[in-house]
Amino acid sequence: MDKQKAVLELDEVVIRFSGDSGDGMQLTGTLFSDASALFGNGVSTFPDYPSEIRAPQGTIGGVSGFQVHIGNKKVNTPGDYCDVLVAMNPAALRANFKWVKAGGTIVADSDTFNEKGLQRAGFKTDDPITELKLEDYKVVYAPITSLTKESLKDTDLDNKSIVRSKNMFALGMVYFMFDRPLNFTEHYFEVKFKSKPRVIDANKKVLKDGYNYASNIQAIANTYKVPAATSIPKGKYRNVNGNTATAWGFIAASEKANLPLFCGSYPITPATEILVELAKRKDLGVKTLQAEDEIAGICTSIGAAYAGNFAVTSTSGPGLSLKSEAIGLAVMTELPLVIVDVQRGGPSTGLPTKTEQSDLMQALWGRNGECPLVVISANTPSNCFDAAFMASKIALEHMTPVILLTDGFIANGTEPWLIPSMSQYPAIKAPVVPEGTTNYMTYARNEKLARGWAFPGTKGLEHRVGGLEKDFLKGTVSHDPINHEKMVDIRAAKVAKVAEYLPEQEVFGAQEGELLVVGWGGTYGHLLTAVQEMRAEGKDVSLCHISYINPLPRNIVDVFKRFKKIVVCELNLGQLANHLRMEHQQFNYLQFNKYQGLPFTIIELKDKFNQILGGK
Amino acid sequence: MDKQKAVLELDEVVIRFSGDSGDGMQLTGTLFSDASALFGNGVSTFPDYPSEIRAPQGTIGGVSGFQVHIGNKKVNTPGDYCDVLVAMNPAALRANFKWVKAGGTIVADSDTFNEKGLQRAGFKTDDPITELKLEDYKVVYAPITSLTKESLKDTDLDNKSIVRSKNMFALGMVYFMFDRPLNFTEHYFEVKFKSKPRVIDANKKVLKDGYNYASNIQAIANTYKVPAATSIPKGKYRNVNGNTATAWGFIAASEKANLPLFCGSYPITPATEILVELAKRKDLGVKTLQAEDEIAGICTSIGAAYAGNFAVTSTSGPGLSLKSEAIGLAVMTELPLVIVDVQRGGPSTGLPTKTEQSDLMQALWGRNGECPLVVISANTPSNCFDAAFMASKIALEHMTPVILLTDGFIANGTEPWLIPSMSQYPAIKAPVVPEGTTNYMTYARNEKLARGWAFPGTKGLEHRVGGLEKDFLKGTVSHDPINHEKMVDIRAAKVAKVAEYLPEQEVFGAQEGELLVVGWGGTYGHLLTAVQEMRAEGKDVSLCHISYINPLPRNIVDVFKRFKKIVVCELNLGQLANHLRMEHQQFNYLQFNKYQGLPFTIIELKDKFNQILGGK
Amino acid sequence: MAKYNYTAQDFKSDQEVRWCPGCGDHAVLSAVQKALPDVSEVLDYARERYVFVSGIGCSSRFPYYVNTYGFHGIHGRAAAIATGVKVANPKLSVWQISGDGDSLAIGGNHFIHAVRRNIDINMLLFNNEIYGLTKGQYSPTTKLGSVTKTSPFGTVEHPFRPGELVIGAQGKFFARTIDVEVKLTSEIMVEAAKHDGTSVVEILQNCVIFNDRTHSNITDKEFRDERVIVLRHGQKMVFGKNSDKGLVLNGLGLKVVTIGQDGYTLDDVLTHDAYEPNPGVHMMLVNMEYPNYPVALGVIRNVKDSTYDDNVRDQVLEVQRHAKITCVDDLLNSGETYDIK
Amino acid sequence: MAKYNYTAQDFKSDQEVRWCPGCGDHAVLSAVQKALPDVSEVLDYARERYVFVSGIGCSSRFPYYVNTYGFHGIHGRAAAIATGVKVANPKLSVWQISGDGDSLAIGGNHFIHAVRRNIDINMLLFNNEIYGLTKGQYSPTTKLGSVTKTSPFGTVEHPFRPGELVIGAQGKFFARTIDVEVKLTSEIMVEAAKHDGTSVVEILQNCVIFNDRTHSNITDKEFRDERVIVLRHGQKMVFGKNSDKGLVLNGLGLKVVTIGQDGYTLDDVLTHDAYEPNPGVHMMLVNMEYPNYPVALGVIRNVKDSTYDDNVRDQVLEVQRHAKITCVDDLLNSGETYDIK
Ligand SMILES: Cc1ncc(C[n+]2csc(CCOP(=O)(O)OP(=O)(O)O)c2C)c(N)n1
Ligand SMILES: Cc1ncc(C[n+]2csc(CCOP(=O)(O)OP(=O)(O)O)c2C)c(N)n1
Ligand code: SF4
Ligand code: SF4
Ligand SMILES: [Mg+2]
Ligand SMILES: [Mg+2]
């Protein structure tokens with residue numbers, strides 16, 4: 001090992017914290033990323049936790065990880081591979097070593113690398129480093145558990161609490177390695193444990209002792225410095241994950257539409273936090289109803305929409321399946337409703353805590369009959385806010401259900417977000433029928449082809465809606481064949497017409513050329529980074545990342561035809577590619593697909609693009 | 001009116017019986033079609049009834065119709081327009097006049113054309129014929145109600161029963177018009193009312209009196225004769241509708257597979273009769289469970305499949321929506337299961353008693369995750385038997401859920417069916433794991449990529465399945481990324497592989513040429529007739545009617561490339577066309593779509609095909 | 001001092017009523033249309049405040065025929081839709097219309113959860129013990145052994161007793177009536193409307209086409225008085241053409257006695273207490289079946305408790321009283337933020 | 001004469017048990033694994049005859065850990081899947097494993113219908129009053145006012161009492177136990193297995209992570225004896241560390257008395273009759289709540305009635321005895337046919 005010590009300046013670095021589910025790795029990673037964001041770095045994070053709450057201690061099944069990517073400019077992904085891995089036990093090492101860059105640094109708690117620990121993690125020898133062929137890596141074995149105990153032996157904390165503080169010792173070490181100030185984290189302790197001064201002191205002490213220990217030992221070869229970003233816009237920031245941003249986007253839409261927000265929902269990983277976030281907002285008058293199941297979730301929302309609230313429902317893939325029939329009812333009754341699907345690995349229960357983009361076809365087609373609706377997607381954690389806002393605006397102004405697709409990766413991932421002001425957002429004007437309107441025709445339409453929305457309780461607008469086919473104007477039940485044909489057409493036309501009110505598709509990079517990368521949803525950061533890097537290398541690659549999937553942007557054909565080749569990249573078997581084949585058959589769509597429950601890596605993307613460019 | 005009377009010989013004729021829901025038109029039509037079938041005609045029928053059980057008497061909403069097409073050779077559709085309309089009241093006339101061929105014959109019960117009746121039916125004048133511009137039609141006003149009363153005045157039947165017999169009077173009239181013997185129908189009375197000789201006599205009398213009345217009056221210009229078909233294969237026949245044939249196809253598969261049949265289902269129009277038919281078959285050991293809802297319907301079936309029964313579940317579009325999530329479970333657990341969807345007009349509750357083909361995309365894609373399964377369709381009422389048999393064979397031999405799509409039109413329609421012998425059908429061999437097998441690997445696969453099916457209760461084969469992603473071999477839960485990718489691929493490959501075991505696609509007509517008509521499902525009779533007629537007229541048109549939708553037949557590309565133009569005809573907005581665009585993007589697919597809740601007419605099909613041929 | 005002066009006519013819509021002639025639904029519709037003017041006066045509800053929500057079934061066409069707001073939902077989901085309507089706008093008077101299949105088969109889960117939450121809606125359960133609209137399959141209330149389209153050899157399932165299920169789900173209001181008793185039905189509708197919380201009204205309804213006379217052994221005029229007992233809070237539990245029969249306590253159960261016989265006097269007869277929270281006696285009353293007992297009609301259980309919609313409203317008000325965040329800008333700027341300069 | 005001589009070990013699978021350390025599920029698993037050898041002897045079940053069916057939730061991972069057949073279903077559908085398994089092969093001994101969310105929230109409908117049908121399965125309801133797997137949202141059994149992830153200001157819903165709901169759905173067998181009482185749980189499992197029909201066993205289970213100590217005011221060792229009563233058929237309803245407390249009838253209700261005080265003797269104390277079909281007393285027993293009453297454990301209700309699976313089997317046999325159609329060829333040629341010559 002290299003014994004020299006110096007402060008090296010880096011453009012970016014990726015750190016992965018990993019340990020048992022009970023080791024507090026999510027918190028440790030969050031604190032590190034918050035400190036880095038406050039320091040002015042570009043930051044992107046991704047938690048990676050098991051579907052068990054707490055699998056048996058020390059086993060691979062129970063390993064919980066949290067990856068942080070920081071940079072001296074905006075970073076768009078949490079990073080493919082990490083420079084530093086913190087492994088609180090052998091299982092964490094075993095589960096994560098393949099994510100460490102060749103020659104990277106591994107900080108391990110040597111106290112846990114005993115016979116029992118190694119065996120639980122499935123090691124066959126007492127030399128995990130050799131066993132995993134990590135001889136060329138920089139491994140820092142530190143007795144973190146015993147040092148933590150030592151550090152806190154004079155406090156009156158019980159033993160369990162003391163041992164639980166070891167993550168802060170590790171964090172202190174990492175802070176030293178990356179030349180980070182401790183004050184942000186110390187401030188966090190002060191707020192969090194306001195009424196328990198002794199706990200504050202203890203945490204500060206462990207953190208500091210970890211920091212000092214790292215500075216004292218010779219094992220840490222270098223410390224790194226990732227300077228604050230200069231290219232990042234100035235202003236007030238917060239870190240935000242996709243689920244919180246989604247919830248807040250709905251609340252923002254409710255404010256702009258001046259309609260109470262109602263969310264009928266049922267918990268499901270990884271969408272639950274949207275409901276959790278909304279439930280907190282009684283201060284803003286948000287009503288959440290945790291229903292008995294997903295069907296009741298959407299049906300209460302449909303009832304609320306009929307009654308004049310702005311209604312949303314949140315779920316993940318299996319829940320979207322259950323909501324299918326009721327979505328059809330919302331289409332037929334032409335009520336505004338946003339259904340957000342935080343996609344996860346499928347089919348069936350599948351891989352509930354892993355990410356995937358495999359619900360697109362279900363969103364487009366998963367209902368009986370010709371049953372069109374708007375489908376849009378979100379790109380990044382903070383973009384979930386805008387996507388939720390736009391989904392709401394479309395639903396309310398066009399009187400249609402909208403499915404918003406996010407995914408586990410952006411739902412749980414965080415990034416710094418330049419806090420917007422609501423004054424920057426457009427008004428939302430639903431076609432509410434005013435009291436006093438005479439001769440209200442339930443299915444008469446405005447220029448958007450939206451019907452008028454009359455609220456129960458309003459005198460003179462009494463009317464009936466339902467799931468049977470509707471008369472073209474009156475909205476009464478109609479079995480007339482020609483009326484049905486007209487209604488099928490107009491429902492399709494109404495959705496198609498939304499494109500006229502949406503922004504045109506933008507292209508990152510050259511506006512014409514060799515290769516157009518097409519993507520959608522949560523792969524944005526990876527696709528952008530890959531394209532950026534390749535463009536920096538002089539390659540003729542551009543990115544067309546589609547947010548509006550149905551209807552597609554009105555200029556999409558113009559965009560496509562300016563490129564020689566198109567490659568559609570998705571975390572599924574090619575669902576957007578198929579959608580494009582249906583909508584715009586004239587183009588040849590190459591595909592790049594991955595379905596491992598994991599995001600793309602920049603490396604595999606660039607390999608693929610280079611191969612396509614080379615193979616022309 | 002032409003006063004001459006003669007027996008004219010016709011190749012084919014279409015008769016439509018229509019009246020109030022309570023007027024017994026379904027029975028009347030069925031008796032006429034049975035008599036014609038027994039006589040040796042080609043026959044095809046279609047009932048057309050309202051979604052109300054019994055709407056108010058005399059209103060349009062309550063009109064129930066039954067159309068019968070008979071010919072001197074096999075007829076493939078119930079006919080576009082009718083030669084003769086029987087209208088038991090003004091509402092029936094109003095609802096059906098547009099279905100009468102120009103100049104056709106209308107037989108009406110003049111007793112019901114009073115002020116009240118006309119008004120209920122929405123006539124504004126007392127002259128419905130002029131009001132509907134039917135002056136050029138042959139209208140036979142007969143006082144059917146009073147003549148029926150007269151006919152039965154000496155019986156001891158109560159008045160209500162007497163009036164209810166008027167349909168038999170009308171039937172007698174029609175029998176005269178078409179020179180039909182009465183004995184088949186008389187025999188029916190004898191069987192049906194075995195223990196009530198007076199009822200037998202009364203019915204025979206009314207029928208005869210109707211016959212005689214028609215022969216006596218001068219109003220009936222001609223009687224027609226449609227000779228028995230000579231081209232129809234000889235043998236033992238029965239009339240069958242699609243739902244019965246479907247149910248029987250499952251029972252046949254159960255016999256061939258030597259596995260008990262289980263059906264968990266929930267009633268829904270127009271699929272209910274499958275469950276009804278299966279419930280009758282306790283004699284053959286069929287177990288039906290009328291579940292509390294569609295989800296329980298499929299889940300009990302999945303449980304039964306796990307336990308080693310051959311399991312099916314029946315539904316229509318909204319029910320298929322509800323089953324989505326559980327279908328994913330069947331895909332993941334790789335259990336055999338047939339889901340039959342009798343399609344109806346959508347979206348949502350839509351037009352429950354009308355036909356449509358708009359659930360194809362839902363069948364293909366309506367589930368979370370990458371969740372492939374086999375989708376096949378049935379073409380005609382009697383073909384439902386073979387389709388259900390094949391769906392079962394595929395499910396059981398390939399260990400996969402199969403969705404069988406039929407529709408309201410063929411489910412309720414009937415046609416004569418040359419009764420097959422079970423010896424003509426192939427054996428069904430499910431990959432059941434025998435007791436004594438050692439080292440059973442739950443997800444190890446055979447040459448079809450089907451896993452072995454081990455029945456609970458068998459010693460030594462204890463295993464666990466479920467909805468979480470499965471280990472490639474052992475079938476235990478696996479969160480491994482590469483394993484997931486392998487499993488997504490193999491599930492897709494398993495379904496794709498089914499094509500190797502299916503018949504190649506056949507083409508009716510020339511095997512290459514100008515225009516290939518592509519269709520699927522219940523439009524077969526109409527497409528075939530249109531293509532037959534055009535070929536007879538010397539037009540270069542062929543028909544490719546696809547039964548196996550996913551996977552498509554392995555020679556489909558070969559078929560398509562031999563034609564200059566392809567037109568895909570469907571009762572939806574173009575779902576098969578879109579499926580073909582996804583699967584075989586290289587061809588240009590013209591479309592002809594209709595979505596009025598009605599079948600195609602031969603006329604509109606031929607117009608369209610001629611236009612395409614002309615416009616080349 | 002009548003404020004609205006509505007008549008039944010005001011609650012008739014222009015839609016043609018499409019039930020079979022002779023269907024019990026007609027009578028129920030008319031009873032409801034007769035009750036609503038009273039409800040309006042008693043509770044000060046203008047016509048536009050009513051919303052009728054239904055599922056799918058013959059009975060579920062009901063909303064089309066009432067001249068106010070209406071939602072004809074999907075099969076089984078009426079309770080969930082109605083819940084959403086009520087929570088979204090608690091000022092509305094929400095009426096759920098649902099058949100025995102709609103509310104107890106496919107809709108069973110929403111039914112028990114609405115009852116448990118005690119959301120303030122009025123649920124009319126049209127119990128014809130059959131699926132009418134789909135033409136005669138058995139339902140969860142069909143009597144054991146009945147031959148129907150899907151049970152050609154008789155059903156093999158024990159039916160639910162709706163009242164028992166309601167109590168099992170913590171129901172606070174349960175009433176029972178029969179279609180032909182229009183006056184009693186109207187009276188019960190008013191009581192249901194007045195009750196805060198989920199009011200379940202079971203209507204023994206005749207389906208002339210597919211299950212004719214299923215209730216006839218208690219509803220037929222000639223012996224109805226002897227086989228039903230109409231319960232009214234605070235009144236003695238007497239019945240019979242001559243009001244000479246009564247219910248008395250017998251150990252832990254109930255017994256039918258003839259007043260004046262075997263030493264029983266009117267004093268021995270129980271007085272109906274619909275307000276008793278303990279469900280014990282109400283459970284016995286809802287479970288009374290002919291021929292051992294008269295079938296109980298009227299409001300059997302009517303207990304005050306907090307409602308879901310009130311609780312939601314109170315909680316929102318309470319939180320808002322102390323709220324620091326009052327608009328989205330506040331929210332976005334709350335918690336951990338930092339400045340990049 | 002033991003036939004199988006199984007031990008608990010025979011029912012342990014090779015899968016690593018993945019519940020949190022301290023989770024109540026561990027104890028239940030062990031109780032079941034201890035009971036199955038007994039069940040096998042008593043009912044003559046070989047190991048391969050058991051099938052464990054579950055939904056989704058922490059508790060629903062149970063089947064992976066039992067070395068026999070198992071089906072880990074989808075959320076809420078365990079009762080429906082288990083029903084299908086049992087009807088398909090009535091010889092199997094079917095055990096349903098399900099959490100309070102799985103069986104009473106999303107699975108509520110299948111739950112009440114399985115109970116109503118009296119299908120012969122054993123349902124273990126792991127009631128931790130929380131959604132464990134999804135990390136701590138309230139469930140339909142969460143106490144009113146509880147703060148959870150989705151009720152930051154306290155819940156506003158009245159919880160179900162599972163036993164009450166079971167009786168409302170015509171349940172014939174209901175028992176209650178607590179996770180830590182491994183012996184009692186094992187004993188109840190054997191009783192549940194012996195009962196023909198749906199046997200519902202509510203297990204008061206602790207979720208150490210998201211709802212720690214929710215049952216502790218009755219399960220904590222130091223006062224457990226004073227706050228629970230273990231009911232056994234035919235035995236007096238006595239409880240307390242010194243077995244000096246008992247339940248007596250008090251009008252239409254129950255009352256806790258101390259034997260030897262206020263003139264109460266052991267003779268006054270009720271004897272538990274689990275076989276009584278009339279649900280009156282059982283309803284009171286399942287509803288007893290601390291602090292007014294001790295919480296009832298043991299088999300509270302155990303009533304014989306025909307089961308769905310037996311009825312199905314009997315009907316098939318009966319029909320087949322007179323059957324004219326015995327194969328598909330018969331069927332195709334039955335009814336109206338005709339010859340074209
Ligand atoms: C999802 C779904 N499943 C099934 C149906 C078919 N269906 C419509 S109404 C009904 C049952 C009707 O019975 P009930 O609720 O008792 O009402 P009734 O007609 O007797 O008034 C059924 C099974 C449907 N419309 N939707
Ligand atoms: C269709 C569907 N909806 C929601 C979920 C998410 N989910 C999984 S388990 C669960 C609840 C778990 O609670 P409970 O049934 O009480 O079991 P416990 O974990 O407490 O044992 C939920 C909401 C899911 N997996 N599938
Ligand atoms: S079928 Fe029965 S329930 Fe339906 S409208 Fe007719 S009589 Fe009424
Ligand atoms: S989260 Fe709770 S219920 Fe789930 S395993 Fe952990 S302790 Fe048990
Ligand atoms: Mg009904
Ligand atoms: Mg739970």
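Just so you know, these numbers come straight off a predicted model, no measurement behind them. Per chain, numbering begins at 1; letters A, B, ... match sequence-line order.
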### Query
Donor-acceptor pair, D:D329 side chain versus B:M422 backbone, under 3.5 Å?
yes

### Summary
Scored by heavy-atom pairs under 4.5 Å with chain B, the best of D:V319, D:V312, D:N89, D:I74 is D:I74

### Message
Quick check on B:N258: does its CG atom have over 12 non-hydrogen neighbours (other residues, nucleotides or ligands) under 6.0 Å away?
### Response
no

### Query
Is a donor on one side and an acceptor on the other found under 3.5 Å between the side chain of D:R77 and the backbone of B:A326?
no

### Task
Keeping the roles fixed (side chain from B:K287, backbone from D:V87), state whether a donor-acceptor pair exists under 3.5 Å.
yes

### Task
Would you check if there is a donor-acceptor pair between the side chains of B:D34 and D:Y338 at a distance under 3.5 Å?
no

### Message
Would you say CD of D:E336 has more than 12 non-hydrogen atoms from neighbouring residues, nucleotides or ligands within 6.0 angstrom?
### Response
no

### Query
Taking the side chain from B:E292 and the backbone from D:H113, do they hold a donor-acceptor pair closer than 3.5 Å?
no

### Query
So which heavy atom on D:A88 is nearest to which on B:A307, and how close?
CB-CB, 3.8 Å

### Message
With a 4.5 angstrom heavy-atom cut-off, is it the side chain or the backbone of D:T326 that approaches chain B, or both, or neither?
### Response
backbone

### Message
I need the B:K282 NZ to D:Q320 CD distance, nearest 0.5 Å.
### Response
10.0 Å

### Query
Do the side chain of B:R238 and the main chain of D:S334 share a donor and acceptor less than 3.5 angstrom apart?
yes

